[in-house]
Amino acid sequence: MRLIRIACMIAAFCIISAAAVIVVLPDGARVCAGNVISDARGNDPAPQQTGKSAPPEKEEPAADTSKTLYRVTGVVLVIWTGLAIFLFRLDRKVSKLEKEITNLK
Amino acid sequence: MKHVINIAMKSVYVLMPVTIVMAFLWAPPAELLGDYSRIIYFHVPLAWVSVLAFVVSGILSVIFLLDKKNRFSGLDGKSFNSAAIGLAFTVCTVMTGSIWAKLSWGSFWNWDPRETSIVFILLIYIAYFCLQAALAGKSSRGKIGSSYLIVAMATLPFFVFLIPRIVWSLHPETIINVNRTIYMDDQMWITLLTALISFSVLYVYLFNLMNRIMVLKHRIGEHPHAAD
Amino acid sequence: MSGIRYTLRVQDLAKKFNSTLLFKSISFSVETGGSLCVTGPNGSGKSTLLKILAGIMNPTGGAVSLAAAADIPPCDWMNHIGYTGPLVNPYDDLTGLENIQFVLKSGNYASRLDSLLRQFNLTQHRDKLVKHYSSGMKQRLRLILAVLNDPPVLILDEPGTNLDAGGREALSSFLDLARKQKIIVLATNEPGEEKLCGGGIRLG
Amino acid sequence: MSLAKKNSAEEGSVLVRDILRNLQKDFRVEFRSRFAVNIAVSFAGIVTISISLTAGGAPFPVKVQSILLWVVLFFSAMNGLAHIFVREEDQGTSLFLRITRSADSIYISKFIFNQIFMMIIGTVVTPLFVFFVGVDVIHVLHFIMSVIAGGFSIAASTTPLAAMAAKAGGKGSLFTIISFPILLPVLWISISSTAGALNEARPESGTVIFLLAFSGFITAISILLFRFIWLEN
């Protein structure tokens with residue numbers, strides 16, 4: 001059961017982080033690369049060719065972008081902390097059980 | 001020695017946040033895709049770890065089958081664990097990959113050869129778990145499961161290398177078409193490397209933890225009085 | 001083949017199914033000319049022990065070795081051991097003779113084949129499909145298939161099942177003859193068959 | 001030295017003889033019951049005719065034609081390919097076979113049996129399909145090559161999986177579940193190869209080579225692995 005729980009946790013971690021990236025990111029990131037992406041979406045599924053013909057302006061560190069980035073980082077970090085606490089407690093429990101069993105022998 | 005390995009595995013608790021911060025805040029956005037490209041620092045390491053996990057499970061199965069005198073114990077269980085981790089990571093790879101595909105190609109799924117081959121890999125390993133479920137309680141479980149894992153590992157190169165070569169692929173960076181790599185500067189490379197290392201350490205840590213739990217379960221099953 | 005003397009040696013054999021121990025620390029050795037009877041109540045592991053001896057199953061602990069001039073590795077045992085048991089089923093869609101020909105290793109035993117068929121009273125049924133055989137006839141066929149290639153070691157799991165009086169007679173006379181030049185291991189609960197053996201071990 | 005050579009030559013001839021006798025036995029048993037072949041051929045016939053009937057003479061696109069061809073081939077073969085091992089377990093003859101023959105000879109003979117079976121299915125289904133569905137084959141040689149190569153790799157990659165499924169108790173659809181993912185790439189490539197043969201453009205031979213390489217690879221590995229599957233416990 002534990003193994004399944006670990007697998008579920010990892011999957012949940014990824015789903016949530018992916019969802020966070022989708023939901024939170026688009027506002028800010030579009031400032032940077034929005035025009036290129038909409039271009040690639042509109043035309044054909046070959047972004048590299050389109051990209052090379054029309055290189056976007058270099059990064060434009062808008063305040064919005066960095067704010068969203070900080071937000072995403074925060075969300076992902078929180079998720080990781082949850083996972084880490086779970087793993088850490090599991091590790092401790094396993095170590096304790098191992099010790100008990102060797103002592104019983 | 002054991003202590004050092006233990007500390008090295010525990011370093012995942014530090015490495016992972018560092019990776020996350022580096023990926024989102026330190027590395028510059030890529031030229032073409034902007035901040036969306038930051039998903040690469042998760043997608044590539046996940047893919048790498050899933051292949052690593054499958055290869056490890058295959059190699060452990062080979063050793064299990066050749067090990068007639070039972071010098072190593074529980075190798076079939078270990079290869080099962082590794083395949084389980086690999087499957088979970090593959091699912092994550094598919095998800096991050098399809099998000100990226102949505103952002104850069106316009107749809108979550110468009111049967112690019114690389115997407116096709118990862119679906120094949122996913123199905124093969126899901127079938128492995130079906131087989132293991134069907135064999136539950138049989139003494140031949142370890143051998144048949146290991147044989148299937150070896151067949152599965154043997155087909156991996158066909159999926160990873162050959163199919164994308166036969167059919168033209170949009171996927172940017174693979175091992176074979178290096179020339180089509182997107183340009184990455186040093187900071188990005190360093191971030192990617194850190195991510196690779198920390199995900200590999202995460203894999204080793206999880207693998208070790210699962211094996212220890214498996215051994216514990218086995219022992220508790222043997223000595224019912226030690227259970228509580 | 002009769003010139004070589006074989007030794008079947010068993011050391012410290014143990015078998016576990018999942019976590020239930022079937023038997024442990026069984027040790028014995030039989031030489032050519034010797035015979036052994038394995039007895040015990042149902043479920044005590046007779047069949048399992050015989051399967052391990054025949055190289056079909058791996059023991060959990062201990063070792064079985066078959067030694068002639070040099071040790072014979074388990075993968076070669078097939079050529080030296082005649083095994084039969086209730087789970088060894090001949091092909092239903094073949095005739096008795098076709099089954100026998102499938103097992104036959106070389107043409108040298110053709111004359112042996114006729115005498116075996118006569119001995120076990122199957123000559124007139126040899127061209128019938130096995131699915132039309134009675135269970136006693138099937139058991140006779142099993143015995144013929146096991147001893148056909150004249151293996152130096154015979155491992156017979158309940159050879160007397162389903163046999164009528166005539167069949168038992170034929171079996172015991174055959175075993176009496178073969179005993180001198182072979183190793184015979186029997187698993188049985190029949191007092192009559194136990195008498196055929198030189199030694200015996202009791203499980204359970 | 002010469003003795004060792006003689007021994008190995010003898011062993012080789014014993015292996016060939018064993019394989020031939022296994023094949024003879026398998027064909028005899030199969031011929032007496034005709035279970036697998038009957039089911040496969042009648043399935044193929046029914047499906048092909050019903051496709052043709054419901055289409056009512058309307059032409060399919062090239063891609064659809066090749067997909068239908070491979071679906072018919074795949075599903076008619078699926079039952080029979082596992083049958084060779086499942087039969088041994090069902091009739092309880094696997095222990096008998098095991099104590100009579102070496103694992104290698106058993107695997108090779110079953111492999112050959114499956115290949116011949118697949119070829120029979122192919123030779124029955126393909127002309128029937130071409131005739132009834134009205135396929136217009138442009139590159140005949142490439143078409144035949146891709147049908148043969150696809151059938152070869154289907155039989156090659158299902159044989160070890162059939163052994164596994166039979167040893168696992170052959171429960172229901174387990175064989176289909178475990179063999180389908182490994183067969184998917186084979187089917188995918190075969191379909192595109194067949195579609196290439198029906199198109200005007202010059203077909204590529206890379207697909208046929210891929211199929212042959214894949215099946216050769218799987219066969220090599222499964223010969224090595226078979227003894228572990230067959231000699232359980």
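These numbers come from a predicted model, not from an experiment. All chains are named by letter (A, B, ...) in the order of the sequence lines, taking the proteins before the strands, and each is independently numbered beginning at 1.
- Of all heavy-atom pairs spanning Ala127(B) and Ile177(D), the tightest one is CB-O, 3.7 Å.
- Atom CE of Met145(D) is surrounded by 12 or fewer heavy atoms from other residues, nucleotides or ligands within 6.0 Å.
- A distance of 10.5 Å separates OG in Ser147(B) from CG in Leu161(D), rounded to the nearest 0.5 Å.
- For the pair Phe214(D)/Thr155(B), a side-chain contact is recorded, criterion being any heavy-atom separation below 4.5 Å from C-beta on.
- Nearest heavy-atom pair, Ile178(D) versus Tyr148(B), reported as atom, atom and distance to 0.1 Å: O-OH, 3.1 Å.
- Residues Phe228(D) and Leu65(B) approach most closely at CE2-O, 3.3 Å, considering heavy atoms.
- In terms of heavy-atom proximity, Lys143(B) sits nearest to Leu231(D) at NZ-O, 4.0 Å.
- Taking Asp104(D) as the reference, Arg227(D) meet the salt bridge (Lys or Arg N to Asp or Glu O under 4.0 Å) condition, with sequence neighbours excluded.
- At a 4.5 Å heavy-atom cutoff, the contact between Thr116(B) and chain D is made by side-chain atoms alone.
- Residue Leu184(D) touches chain B through both its backbone and its side chain, counting heavy-atom pairs closer than 4.5 Å.
- Here Ile124(B) is the residue among Val62(B), Ile124(B), Val119(B) with the most heavy-atom pairs under 4.5 Å with chain D.
- For Ile218(D), the part lying near chain B is the side chain, with the backbone staying farther off; criterion is any non-hydrogen pair under 4.5 Å.
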